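Take a look at the following structure, please.
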Amino acid sequence: MRTYTIAVLPGDGIGPEVIAQAVRVLEAVSEPFDARFAFETCAIGAAAVRAAHDPLPAETRAAVVRADAVLLGAVGDPALDGAPRELRAETGLLALRKLLNVYANLRPVTVHQALLGCSPLKPERLRGVDLVVVRELTGGLYYGTPRGKSGVSAVNTLAYSRPEIERIALVAFETARRRGGRRLVTSVDKANVLEVSQLWREVVTEVARGYPDVRLEHSYVDTAAMRLVTDPASFDVVLTENMFGDILSDEAAVLAGSLGLLPSASLGDGPGLFEPVHGSAPPLAGRDVANPIGAIATAALLLRHGLGLADAADAIDEAITTVLYAGARTQDLARPGEPCIGTAEMGARIADSVYAQGEALQGHS
């Protein structure tokens, strides 16, 4: 039985609570699927600033580069909003992505049939929704230089090179091919006004020629934002740059019913970085009310994309579906008057479902 090293970065706010449940479920899946996990917990974000005066300390940097995969909770603390940029929690996250060179962020969005009533959209708009946002993660406005702010002006720089666009486009087309079905890539840009988007569109079109079995369509970002809520089932794989992807994938959370449901995988040439889409949500921290499903689904992505353990990942996904169909709801999913359970209880029920699958598997072996 192989042992996989997972660097666990709980982070800030609700991060430690939801990541504790993700680890709980990983432990549940370990024995039945013949995998052992060694967890190394390290600080990041505001927690790291308080402990080491650095949002990404040297100890954390060393741990993540030697790990097989990295599991992250969330970063962010309003108490540091006025701090110098080098001491803000989000600086640690951006530095982590750059350190690992995880340039491709995959954010799958599916709608659980048991949760059709949780979205503000009508159920008929949600049927058949199954899309993946492929977001470029280490370039664009969030990393471009020069950047800065004075008393009277501020500047950020949006820049992409041809190789940066090519490599993320390849991920999108490979993802569409692997998913089968419609095999459609929707490339999102703002080519009518931005030269960067014009290059983006040119390069993506060139890459598409190598995938004759995958259709390509181009969409302006404003049109894509509208389609996400008016015709979300028309999307398969959405390819876009860093900031557009950040905004569109958060908008897509409304389809699933809650931001607390969505996972993400950030991939590159080394260890992958896996984190739920939601933020640190400080007002919810310590109250046992946060939805851990996004973190638990992220653990499934870690198994699938980070460690190549597809069967174990399937078991977690199935457990989430089973528990939701059984009526388990955290407060963000519960309708008025409907009973709800806490973070730890939701994690326990999903872990129990994974255990049950494992016992059934062993019984048939």
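Any value given below was found using the heavy atoms of this structure, including those in side chains, with hydrogens, waters and symmetry copies removed. Remember, it's a predicted structure, so these values are computed and weren't measured experimentally.
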Item checked: Side-chain donor/acceptor of Ser30 to backbone N/O of Leu26, under 3.5 Å -> no

Check: With a 4.5 Å limit on heavy-atom distance, are the side chains of Thr41 and Pro10 in contact?
Finding: yes

Margin query: Both conditions, 6.0 Å and 45 degrees, for the charged tip of Arg177 above the ring of Tyr211: are they met here?
Written below: no

Notebook entry, point to check: So Glu241 and Lys190, salt bridge (Lys or Arg N to Asp or Glu O under 4.0 Å) or not? Walk me through it.
Noted result: CA-CA 10 Å; Glu241 57 97 42; Lys190 194 63 176 170; over 6 Å; no

Margin query: Working to the nearest 0.5 angstrom, can you tell me the gap between His218 NE2 and Thr223 OG1?
Written below: 13.5 Å

Item checked: Within 6.0 angstrom of Glu174 CD, more than 12 heavy atoms from elsewhere -> yes

Check: Any salt bridge between Arg215 and Asp236, counting N to O under 4.0 Å?
Finding: no

Check: Glu17 versus Gln21: any side-chain heavy-atom pair under 4.5 Å?
Finding: no

Notebook entry, point to check: Nearest 0.5 Å, what's the CZ-OG1 distance between Phe173 and Thr175?
Noted result: 10.5 Å

Check: Excluding sequence neighbours, so at least two apart, what forms side-chain hydrogen bond (donor to acceptor under 3.5 Å, both in side chains) with Ser258?
Finding: Asp332

Checklist line | Partners passing side-chain hydrogen bond (donor to acceptor under 3.5 Å, both in side chains) against Tyr160 (at least two apart in sequence or in another chain) | finding: Glu136

Checklist line | Spatial distance of atom CD (Glu90) from atom CG (Leu94) [nearest 0.5 Å] | finding: 8.0 Å

Item checked: Main-chain N/O of Gly139 paired to Tyr103 side chain as donor or acceptor, under 3.5 Å -> no

Checklist line | Which atom of Leu333 lies closest to which atom of Cys118, heavy atoms considered | finding: O-SG, 3.3 Å

Next item on the list: Indicate yes or no for a side-chain donor-acceptor contact from Ser280 to the backbone of Gly76 under 3.5 Å, with no hydrogens or angles considered.
Entry: yes

Next item on the list: Can you sort out the partners of Glu251 under side-chain hydrogen bond (donor to acceptor under 3.5 Å, both in side chains), two or more places apart, ordered by chain and number?
Entry: none

Notebook entry, point to check: Of the non-hydrogen atoms in Ala159 and Val196, which two are nearest, and what is the gap between them?
Noted result: CA-CG2, 4.3 Å

Check: Can you tell me how far CD of Glu275 sits from CG of Asn105, rounded to the nearest 0.5 angstrom?
Finding: 7.0 Å

Check: Looking at side-chain heavy atoms only, is the closest gap between Phe37 and Asp68 below 4.5 Å?
Finding: no

Check: If you look at every heavy atom in Arg125 and Pro232, which pair is closest and at what distance?
Finding: O-CG, 3.4 Å

Checklist line | Cluster companions of Val155 among Ile, Leu, Val, Met, Phe, Trp, Tyr (side-chain spacing under 4.5 Å) | finding: none

Margin query: Measuring from atom CG of Asp317 to atom CD1 of Ile350, what distance do you get when rounded to the nearest 0.5 angstrom?
Written below: 10.5 Å

Note to self: Are Leu96 and Leu273 packed together at the side-chain level, in the sense that at least one heavy-atom pair is separated by less than 4.5 angstrom?
What the structure shows: yes

Margin query: Whether Asp34 and Arg2 form a salt bridge (side-chain N of Lys/Arg under 4.0 Å from carboxylate O of Asp/Glu) is what I want to check.
Written below: no

Check: Would you call Arg182 and Glu217 a salt bridge, taking side-chain N to carboxylate O under 4.0 Å as the test?
Finding: no

Item checked: Intermediate values then yes/no, side-chain hydrogen bond (donor to acceptor under 3.5 Å, both in side chains), Ser249 and Arg135 -> CA-CA 9 Å; Ser249 56; Arg135 168 190 171 193; 5.0 Å; no

Note to self: Applying side-chain contact (heavy atoms from CB on, under 4.5 Å) to His112 and Ile320, what does each step give before you reach the verdict?
What the structure shows: CA-CA 10 Å; His112 292 279; Ile320 292 171; 4.1 Å; yes

Checklist line | Closest approach of Pro263 to Val277 (non-hydrogen atoms, all atoms of both residues) | finding: O-CG2, 3.5 Å

Margin query: I want to check something: taking the side chain as every heavy atom from C-beta on, are Thr298 and Val18 in contact at a cut-off of under 4.5 Å?
Written below: no

Notebook entry, point to check: Is Phe39 reachable from Leu309 through a run of I, L, V, M, F, W or Y residues, each pair having side-chain heavy atoms under 4.5 Å apart?
Noted result: yes

Checklist line | Residues forming a side-chain contact (heavy atoms from CB on, under 4.5 Å) with Val49, sequence neighbours excluded | finding: Pro55, Leu80

Note to self: Could you check whether atom CZ of Arg147 has more than 12 heavy atoms from other residues, nucleotides or ligands sitting under 6.0 Å from it?
What the structure shows: yes

Next item on the list: Indicate if Tyr220 and Leu248 have the same hydrophobic cluster label, given that clusters are the connected sets of ILVMFWY residues with side-chain heavy-atom separations under 4.5 angstrom.
Entry: no

Checklist line | Distance-only donor-acceptor check, side chains Ser266 and Arg97, under 3.5 Å | finding: no

Notebook entry, point to check: If you measure from NE2 on His278 to CG on Leu284, what distance do you get to the nearest 0.5 Å?
Noted result: 10.0 Å

Next item on the list: Indicate yes or no for a side-chain donor-acceptor contact from Thr343 to the backbone of Ala290 under 3.5 Å, with no hydrogens or angles considered.
Entry: yes

Next item on the list: Please answer whether the main-chain N or O of Ser153 pairs with a side-chain N or O of Ser150 as donor and acceptor at a distance below 3.5 Å.
Entry: yes

Margin query: Under the criterion side-chain contact (heavy atoms from CB on, under 4.5 Å), I'd like the reasoning laid out for Arg85 against Lys149: C-alpha separation, chi angles, the key distance, then a yes or no.
Written below: CA-CA 11 Å; Arg85 188 158 62 90; Lys149 179 171 69 74; over 6 Å; no

Next item on the list: Work out which heavy atom in Ala265 is nearest to a heavy atom in Leu301; give both atom names and the distance.
Entry: N-CD1, 3.8 Å

Check: With the 4.5 Å side-chain cut-off for hydrophobic clustering, are Leu184 and Leu106 part of the same group?
Finding: no

Item checked: Qualifying residues under ring pair (Phe, Tyr, Trp, His ring centres under 6.0 Å), relative to Tyr142, sequence neighbours excluded -> none

Checklist line | ILVMFWY network linking Leu137 to Val237, side-chain heavy atoms under 4.5 angstrom | finding: no

Notebook entry, point to check: Do the side chain of Ser119 and the main chain of Ala256 share a donor and acceptor less than 3.5 angstrom apart?
Noted result: no

Notebook entry, point to check: Are any of the side-chain heavy atoms of Thr205 and Glu202 separated by less than 4.5 Å?
Noted result: no

Item checked: Hydrophobic cluster identity match, Val8 and Val70, side-chain contacts under 4.5 Å -> no

Next item on the list: Compute whether any side-chain donor of one residue and acceptor of the other, for Thr110 and Asp130, lie under 3.5 angstrom apart.
Entry: no

Checklist line | Arg329 side chain vs Leu324 backbone, donor-acceptor pair below 3.5 Å | finding: yes

Note to self: Contact between Val289 and Thr330 at the side-chain level, heavy atoms closer than 4.5 Å - yes or no?
What the structure shows: no

Note to self: Could you check whether any side-chain heavy atom of Leu72 comes within less than 4.5 Å of a side-chain heavy atom of Phe274, counting everything from C-beta outward?
What the structure shows: no

Margin query: Test your reading of the model: is there a side-chain donor-acceptor pair from Thr230 to the backbone of Met226, 3.5 Å cut-off?
Written below: yes

Margin query: Tell me the closest heavy-atom pair linking Leu302 and Ala69, and the distance in Å.
Written below: CG-CB, 3.8 Å

Notebook entry, point to check: Is the backbone N or O of Asn101 less than 3.5 Å from a side-chain atom of Thr138, with the two atoms forming a donor-acceptor pair by type?
Noted result: no

Checklist line | Thr157 side chain vs Pro146 backbone, donor-acceptor pair below 3.5 Å | finding: yes

